[in-house]
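Report on the structure given below.
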Amino acid sequence: MLKARRNPVNVAAMHAVLIVYTLIALFPVFVILINSFKTRKAIFREPLSLPGADSFSLIGYETVLRQGDFFGYFQNSMIVTVASLFFILLFGAMAAFALAEYRFKGNTLMGLYLALGIMIPIRIGTVAILELMVSTGLVNTLMALILVYTAQGLPLAVFILSEFMRGVSDDLKNAGRIDGLSEYVIFFRLVLPLVRPAMATVAVFNMIPIWNDLWFPLILAPAEETKTLTLGSQVFIGQFVTDWNAVLSALSMAILPVLILYVIFSRQLIRGITSGAVK
Amino acid sequence: MTALSLSNVYKSFGPVEVLKDISLAVDEGEFVVFVGPSGCGKSTLLRVIAGLEDATDGTVEIGGEVVNEVPPAKRGIAMVFQTYALYPHLTVRGNMALGLKQEGQAKDVIEARIAEAARMLHLDPYLERRPAELSGGQRQRVAIGRAVVREPQLFLFDEPLSNLDAALRMNTRIEIADLHRKLGATMIYVTHDQIEAMTLADRIVVLRDGIVEQVGSPMELYNDPVNQFVAGFLGAPSMNFLPGGVLGKQAETAGIRPENLRIAEAGQLSGAVTHVEHLGGDTNVLVRIEAGEVLTLRLFGQHAHEVGDGVRVAFEERHLYLFDGAGARVR
Ligand SMILES: Nc1ncnc2c1ncn2[C@@H]1O[C@H](COP(=O)(O)OP(=O)(O)O)[C@@H](O)[C@H]1O
Ligand SMILES: [Mg+2]
């Protein structure tokens, strides 16, 4: 089917567009990467040139590793992101299943209520959230961040996943019920694997904002031992002097884990799309 | 003994009544087919029997026990779905074993039952495959096998052949009939296809808009329909209906089956041929009679009629079915 539509001019044009887009998207990352390996002078003199024999320097990385507990920050960011994603997916999928599968009074209303959060930014409630965290003693814990990010991610997750779950065959779930599977087994073993592409989408959409967030770590968990990577990197940015070597090195290292998570999820995403096509 | 008995079963979805006052008794070992047009509530009725939907009112008894409050897995039923509904993550063997494992059957019992079902349904070569690696017909046989190993009191089939192509449909139909003979189990089968109903059923239940129109053996329904709907629904090509006045009858509508019409010199009706279908064994001839109605004639064998030919159509009085304005039979 594809072959018939493949006209060489179209293919070339398509690839050209994709390549240009890729270049544009990757350019800043590339600049950050190359400059993180250069001396401060070289960064400012020729920001676009590759690190050469005399401009090469690891000073940025040395600063980052010496100053503060970089690996600690790293670990905090990782814990917060992974745990938040886990809870968003778990609770989002459960709520979505209930909304999609069971008929009960106020089902539609409940769905609307859960989706409302998509339109209302959670940051509006920062003061209330801070008061809540203070009175529950969760300030300066990673748990505070995980809770907030889970709340922030749930509305969209419920919205997307319930749409997908409505598409899962009723016959399959009913076959499971007749075979005596519990609703939990039907949910975890039959339905979840079939909505994996949607779960990957939700994960990718939520991952980056959580990883990059500065607002809530700054307000809820600024203590040294709970600092996230984004917050930790701020020490290199000063009002008067900014240690660009360190900033660029920190950023370079911060890209890696997101990249790995992204590759994991996007593979799921692609596998889901292609397996759906042949059914 | 009564395998299944429904008394005054109602089912509504919100304000919409989908099943209305359904009462029915099915004997042990019987093959009962629910037939009716799409959307008439056949699947809903089957799901109520299976316990996948709660009846709004009325009682469902299986094997003499009221099961209204019993979950599907404990009702002694097994179900085969139109979309196969195989577990995608399990092999054919795993699909068949799952229900038995949930019941807590011993390993050797499970093995023996799977082996028996696989032999009966010719599934031996595929036992270790996943559903994605099977053709439609094979998948449906696995779904049937999954029902067979449960050794249920009651088999429920929901349009199991609708997703298969014509040749496979016939083969699988024969396999299901065979299965019924071998197992002697009670089977309830839902279809919108009257040919499946006629060929498989001991007894047919004709449904329309959630109401039972008539219950009886295929020939009883064919020869003695209680109303115009049943008369028109069974038989292909379907019965001809024309205003009673055209045939000099008092009744609102008169019906006659296509095979009871002949082309003859001395026919009571005259008209012109508008279309001819040559099927080899049969010939279907469409004739527009002088009153303006188009009649379908089903002639045995091959006949050379041309579109536009003037013909006379003959019928016998005893083959006429008369209906009143509401569609009920006038005898
Ligand atoms: N879960 C449901 N919610 C609301 N209406 C339903 C539901 N299931 C079925 N219906 C309605 O009940 C009627 C009968 O459906 P169904 O039993 O599937 O018909 P059939 O199997 O005879 O084609 C249809 O009009 C359908 O719209
Ligand atoms: Mg149906």
Side-chain angles (χ1 to χ4, degrees), chain A residues 89-90 93 97-112 161 164-200 267-279, chain B residues 12-14 43-44 46-47 49-54 70-90 94-105 130-134 136 139-140 142-143 146-147 149-150 152 154-160 162-163:
Chain A
L89 290 177
L90 180 71
F97 184 71
L99 287 177
E101 186 60 19
Y102 305 123
R103 287 191 294 273
F104 53 89
K105 271 214 175 61
N107 181 318
T108 320
L109 223 59
M110 180 70 91
L112 279 178
L161 291 177
F164 270 78
M165 288 195 185
R166 271 182 252 277
V168 174
S169 144
D170 282 335
D171 284 357
L172 185 65
K173 291 174 273 191
N174 286 339
R177 292 191 180 111
I178 287 177
D179 274 344
L181 302 183
S182 70
E183 294 296 310
Y184 286 100
V185 177
I186 289 173
F187 172 70
F188 282 111
R189 307 281 309 179
L190 297 183
V191 176
L192 277 197
L194 291 177
V195 296
R196 220 164 37 193
M199 307 256 291
R267 182 165 301 164
Q268 286 294 326
L269 212 129
I270 290 163
R271 191 153 74 195
I273 290 167
T274 48
S275 79
V278 279
K279 201 166 178 185
Chain B
S12 326
F13 292 110
S43 298
T44 306
L46 207 63
R47 289 207 298 272
I49 296 171
L52 298 167
E53 299 276 4
D54 293 324
V70 179
K74 303 242 157 71
R75 291 192 177 195
I77 53 151
M79 192 157 170
V80 177
F81 297 89
Q82 177 178 350
T83 57
Y84 323 129
L86 299 177
Y87 308 121
H89 62 293
L90 295 178
N95 266 278
M96 294 205 267
L98 187 64
L100 297 175
K101 277 189 197 148
Q102 292 295 124
E103 278 176 10
Q105 297 282 2
R130 281 174 202 279
E133 300 160 322
L134 300 176
R139 283 183 210 182
Q140 197 53 291
V142 174
R146 185 172 65 180
V149 294
R150 300 279 309 273
L154 193 60
F155 279 89
L156 305 173
F157 294 89
D158 192 355
E159 310 218 10
S162 294
N163 281 10

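Reminder, nothing fancy here: chain letters follow the sequence lines and each chain counts from 1.
- Using a distance-only test at 3.5 Å, with no hydrogens or angles considered, a donor-acceptor pair links the side chain of Tyr87(B) to the main chain of Ala175(A).
- Salt-bridge formation is detected for the pair Asp179(A)/Arg150(B): a Lys NZ or Arg NE/NH1/NH2 atom is positioned less than 4.0 Å from an Asp or Glu carboxylate oxygen.
- Residue-environment remark: CZ (Phe187(A)) exceeds the threshold of 12 foreign heavy atoms within 6.0 Å.
- In terms of heavy-atom proximity, Leu86(B) sits nearest to Leu172(A) at O-CD1, 3.2 Å.
- When heavy atoms are compared at a cutoff of 4.5 Å, Arg103(A) approaches chain B solely by way of its side chain, counted from C-beta outward.
- Summarising the local packing, OH of Tyr102(A) is surrounded by more than 12 heavy atoms from other residues, nucleotides or ligands at distances under 6.0 Å.
- Proximity to chain A is absent for every atom of Tyr84(B), based on heavy atoms less than 4.5 angstrom apart.
- Environment of CZ in Arg177(A): crowded, with over 12 heavy atoms of neighbouring residues, nucleotides or ligands closer than 6.0 Å.
- Contacts between Leu181(A) and chain B at a heavy-atom distance below 4.5 Å involve backbone atoms as well as side-chain atoms.
- Using a 4.5 Å heavy-atom cutoff, the side chains of Met79(B) and Asn174(A) are not in contact.
- Summarising the geometry, atom OG belonging to Ser169(A) is positioned 10.5 Å from atom CD belonging to Gln82(B); distances are rounded to the nearest 0.5 Å.
- Heavy atoms of Ala143(B) lying under 4.5 Å from chain A are absent altogether.
- Both the backbone and the side chain of Ile77(B) come within less than 4.5 Å of a heavy atom of chain A.
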Dump the intermediate steps for side chain to side chain contact (heavy atoms under 4.5 Å, CB included) on Ile178(A) and Leu52(B), then the final yes or no. CA-CA 8 Å; Ile178(A) 287 177; Leu52(B) 298 167; 4.1 Å; yes
